[in-house]
Amino acid sequence: MPELPEVETIRAGLDRWLPGRSIADVEVLHPRSVRNHEPGPDHFASLLRGRTITGTARRGKYLWLPLDSGDALLCHLGMSGQFLLKGADEPADKHLRVRLSFADDQPELRFVDQRIFGYLDYADGGADLPASVAHIARDPLDPLFDDAEYSARLRRKRTEVKRSLLDQTLISGIGNIYADEALWRSRLHWSHPVAELTEEQVAELLGHIRDVLAEAVVQGGTSFDSQYVNVNGQGGYFSLVINAYGREGEPCKRCGDPIRREPWMNRSAYSCPTCQPPPAATR
DNA sequence: CGTTCCTCCTGAGAGC
DNA sequence: TGCTCTCAGGAGGAAC
C-alpha cells in the first residue's frame, strides 16, 4: 500500500536479503499480475529462471531488481501490492499472485496483491532504469532532484496543487496521504493553482514534502526488520504522526477546528478549513 | 498539445 | 442475514 516511504521500506528490506541470490523457479498464479509482459506468464517465468539478482533500485513508487543479465525484474505495487519473504512450507497467502523461489533452501519471495492494480514485469536492459520508468520524474529524496527546474516547470502548469503533487511525471513518490500531509504543513488548500504559487511557496512546499517523506521512511524502517521472513511492508506506516489524512471531524493539531473531508477525483481530500482556506478567486 | 477523468480489481464497512 | 452503495495509499490512456 505504497507511496514512496512504503516502497523504500520494502526496497531496503529486500536489499538485505536478495542480492546475490539466484532464481530457481517462478510461479505465476494470476496472469493479470504480469499483464504487461506480452508473451505471457510462462515466458515471463522462463526469462527469470536461472538469473541472479544483483541489487535493488527505486524511483518514486517503482521498484526493480537488477539482474546479472543487465535486465531487471520491475515491480509496481499499485494500491495493494506486497512483497513477503516466507518459507516455502508456509501456507499460500490469500492473494498470492507470483511466487519466486531460490536456488538454495532459503525463503521464497511472494508477490501478494489483493486488487491486482500492481504488476511485475521483465524489463529488457532495464538494470539501470527500466524503459517504462523513464517518464517518471525523480523523487524529492533523490540527490539529483533539481529544485529550481521543478519550481519552474510546476509554475508553468495550469492545474491545482494537489493534482500536481500526484502527477508522477513532475515529482514522484507522493500519493494521496503524503499530498494531504504536505499541503496541511504548507497551509495550502488542494485547489490552489500552481501558477499562482511564488518560488518561495514552492520551496516551502518542497521542504514539507521532504520532511514528511523522510519522517515516514524512518518510521517504516523499523517495521520491516523484525523478521525478514514475515515482512509486511505496510507495518510502520501507522506510527507516523498524521495531521490531516483520514481525520475528518477530528481537531486540527494547529488550531483545533475540525478537519474536513472533501470529495476529490473520486477520492478524498482532507484539510483544515481554517489553516487551509480555499484560494480566493483572482479574477 | 495539455489537462481531466474513467477504468482496471477485490474487499471492508455502513445503512437499510 | 443479505443486499446495495461507497470507499480504499495508483496510474495509463481515452476523451475533451
Side-chain angles (χ1 to χ4, degrees), chain A residues 1-11 29-38 58-63 74-83 92-98 111-121 130-137 139 152-184 190-195 209 212-213 215-217 219-220 223 232-249 261-270:
Chain A
M1 339 261 303
E3 298 180 39
L4 185 153
E6 291 73 42
V7 180
E8 173 57 21
T9 297
I10 291 166
R11 187 209 59 77
L29 295 132
H30 199 306
R32 252 192 81 74
S33 293
V34 295
R35 60 191 174 278
N36 293 332
H37 187 72
E38 295 293 344
R58 181 187 59 76
R59 176 179 286 198
K61 307 171 195 173
Y62 288 79
L63 173 65
L74 173 64
C75 174
H76 196 288
L77 300 172
M79 291 281 268
S80 55
Q82 300 173 330
F83 270 129
D93 311 80
K94 181 162 187 193
H95 302 293
L96 179 60
R97 307 304 188 193
V98 182
F111 181 61
V112 175
D113 186 13
Q114 178 202 117
R115 297 175 72 182
I116 330 182
F117 288 172
Y119 62 88
L120 304 186
D121 197 10
S132 55
V133 184
H135 68 293
I136 298 297
D139 63 63
R153 249 187 105 196
L154 178 70
R155 297 190 304 126
R156 259 184 264 126
K157 297 285 183 182
R158 294 287 171 270
T159 193
E160 298 163 344
V161 64
K162 181 166 174 176
R163 298 178 105 97
S164 80
L165 294 180
L166 299 189
D167 181 347
Q168 307 295 302
T169 68
L170 270 175
I171 185 169
S172 70
I174 303 166
N176 209 28
I177 294 183
Y178 296 108
D180 280 0
E181 292 305 306
L183 291 171
W184 182 87
W190 54 264
S191 68
H192 202 98
V194 291
I209 289 168
V212 72
L213 292 178
E215 289 166 23
V217 167
Q219 297 294 329
S223 72
N232 174 341
Q234 166 179 333
Y237 173 74
F238 291 100
S239 49
L240 181 80
V241 174
I242 293 294
N243 292 302
Y245 185 85
R247 298 193 66 243
E248 181 179 18
R261 170 189 174 274
E262 294 170 275
W264 184 84
M265 295 282 296
N266 288 326
R267 309 170 81 176
S268 300
Y270 296 89

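A note on names: the letters A, B, ... follow the listed sequences, proteins ahead of strands, and every chain is numbered from 1. As the structure is a computational prediction, the values presented were derived from the model and not from experiment.
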Q) In whole Å, what separates the P atom of B/dC6 from that of C/dT6? A) 14 Å
Q) On a whole-Å scale, what distance lies between the P atoms belonging to C/dC3 and B/dC9? A) 23 Å
With a 4.0 Å cutoff (strictly under), does any side-chain N or O of [X] reach OP1 or OP2 of [N]?
X: A/H76; N: C/dA11; value: yes
X: A/K157; N: B/dT3; value: yes
X: A/N266; N: B/dC6; value: yes

Q.
Output one letter per nucleotide in nucleotides 9-14 of chain B: B when a protein non-hydrogen atom lies under 4.0 Å from the base, S when only the sugar-phosphate is that close, - when neither is.
A. BBS---
Q: Could you say whether A/S268 or A/T169 is positioned toward the 5' end of DNA chain C, judged by the nucleotide with the nearest heavy atom to each?
A: A/S268
Q.
Over 60° means perpendicular and under 30° means parallel, so tell me whether A/Y119 and A/H76 are parallel, tilted or perpendicular.
A. parallel
Rounded to whole angstroms, how far apart are [atom1] on [X] and [atom2] on [N]?
X: A/L166; N: C/dG12; atom1: CG; atom2: C1'; result: 15 Å
X: A/I242; N: C/dA8; atom1: CD1; atom2: C1'; result: 15 Å
X: A/E160; N: B/dC5; atom1: CD; atom2: P; result: 9 Å
X: A/D167; N: C/dG10; atom1: CG; atom2: P; result: 13 Å
X: A/W264; N: C/dA8; atom1: CH2; atom2: C1'; result: 14 Å
X: A/R267; N: B/dC6; atom1: CZ; atom2: C1'; result: 13 Å
X: A/R153; N: B/dG2; atom1: CZ; atom2: C1'; result: 12 Å
X: A/I171; N: C/dA11; atom1: CD1; atom2: C1'; result: 17 Å

Q.
Do A/L4 and A/V217 have side chains that approach each other closer than 4.5 Å (heavy atoms only, starting at C-beta)?
A. yes
Q | salt_bridge(A/K162, A/D180) N-O dist < 4.0 Å | A | yes
Report yes or no: does [X] contribute a side-chain atom to a donor-acceptor pair with the main-chain N or O of [Y] at less than 3.5 Å?
X: A/S80; Y: A/D113; value: no
X: A/E215; Y: A/V212; value: no
X: A/R97; Y: A/Q114; value: yes
X: A/D167; Y: A/T169; value: yes
X: A/R59; Y: A/I136; value: yes
X: A/K61; Y: A/P5; value: no

Q) How is A/Y119 classified with respect to the nucleic acid when contacts are heavy atoms under 4.0 Å: base, sugar-phosphate, or nothing? A) nothing
Q.
Regarding A/R35, tell me which of base, sugar-phosphate or nothing describes its non-hydrogen contacts under 4.0 Å with the strands shown.
A. nothing
Q: Using side-chain contact (heavy atoms from CB on, under 4.5 Å) as the criterion, point out the one residue from A/Q168, A/R58, A/E8 that pairs with A/D139.
A: A/R58
Q | Strand DNA chain B as a dot-bracket string - pairs counted if Watson-Crick or G-U with both distances under 3.5 Å, | where the partner lies in another strand | A | .|||||||.|||||||
Q: With the side chain of A/M265 defined as its heavy atoms from C-beta on, choose the nearest nucleotide among B/dC5, C/dG10, B/dT3.
A: B/dC5
Q. When you measure from the side chain of A/R158, which nucleotide among B/dC6, C/dA8, B/dT3 comes out closest?
A. B/dT3
